[in-house]
Amino acid sequence: MTQVNPPQFRPEWERYSGVLRNLVMANSFVALVLELALFVFVAWWALDLDHALWTRLLIAVAAVGALIALWGAFAAPKARVPLPVAGTVAVKAVAFGAGAFALWGLGLPAAAIAFAVLAAANTAAVTYFRRPRGA
């Protein structure tokens, strides 16, 4: 029986050189920061709810855990279930939308809008840089 090796994951910046490579790397770093921020915003929102502490902790763990599972399964660069580009963008929209709504729920509408705009711009750039060459 022949074993087929899965395609190796290579970061998108390896396909670029010079200044563009540095910009792609910086955009990937911003993507990571935005992803971590969305988990923090959702946990913060859950912990700010008007419930008993144990309930808030349970909601925070469940909400952040669900988002992490969703992201890891469908939106991460090494996602367990690779989706077409439109599917990946839709999953990212749901996840980043949850972060924006969490900020809005905390009474920070300007921060929510800024986060949503930055996440959309970053997702567009990541999607562009990860596209197959020649597409």
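When a residue number appears, it is its place in the shown sequence, counting from 1.
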Checklist outcome for this item: Sorted by chain and residue number, the side-chain contact (heavy atoms from CB on, under 4.5 Å) partners of A93 (sequence neighbours excluded) come out as none
Item to check | Single-linkage hydrophobic cluster L49~V61, side-chain heavy atoms < 4.5 angstrom | outcome: no
Checklist outcome for this item: Residues pairing under ring pair (Phe, Tyr, Trp, His ring centres under 6.0 Å) where one sits in residues 43-81, two or more places apart or in two chains, turn out to be W71-F96
Checklist entry - Which heavy atom of L103 sits nearest a heavy atom of A111, and at what distance? => result CD1-O, 3.7 Å
Checklist entry - So, for K92 and A75, which heavy atoms are closest and what is the spacing to 0.1 Å? => result CE-O, 3.6 Å
Checklist entry - Linking Ile, Leu, Val, Met, Phe, Trp and Tyr by side-chain heavy atoms under 4.5 Å, what else ends up with V89? => result V85
Next on the checklist: Can you list, by chain and residue number, the hydrophobic cluster partners of L47 when the side-chain cut-off is 4.5 Å?
Outcome noted: L53, L57
Could you pull out all donor-acceptor pairs under 3.5 Å where a side-chain atom in residues 26-42 meets a protein atom, sequence neighbours excluded?
{"residue": "N27", "atom": "OD1", "partner": "N122", "partner atom": "ND2", "Å": "2.9"}
{"residue": "S28", "atom": "OG", "partner": "E12", "partner atom": "OE2", "Å": "2.6"}
{"residue": "S28", "atom": "OG", "partner": "V24", "partner atom": "O", "Å": "3.2"}

Checklist outcome for this item: When every non-hydrogen atom of A100 is compared with those of A116, the smallest separation belongs to CB-CB, 4.1 Å
Next on the checklist: If hydrophobic residues (ILVMFWY) are linked whenever their side-chain heavy atoms come closer than 4.5 Å, directly or via other members, who joins V117 in its cluster?
Outcome noted: W104, I113
Item to check | Minimum heavy-atom distance between A46 and I59, given as atom pair plus value | outcome: CB-CG2, 3.8 Å
Next on the checklist: I'd like to know if F115 and L108 are part of one continuous hydrophobic network [Ile/Leu/Val/Met/Phe/Trp/Tyr, side-chain heavy atoms within less than 4.5 Å].
Outcome noted: yes
Checklist entry - Among the clusters formed by ILVMFWY side chains lying less than 4.5 Å apart, do L70 and V81 turn up in the same one? => result yes
Next on the checklist: Applying a strict under-4.5 Å side-chain criterion to I, L, V, M, F, W and Y, I'd like to know whether V126 and F129 cluster together.
Outcome noted: no
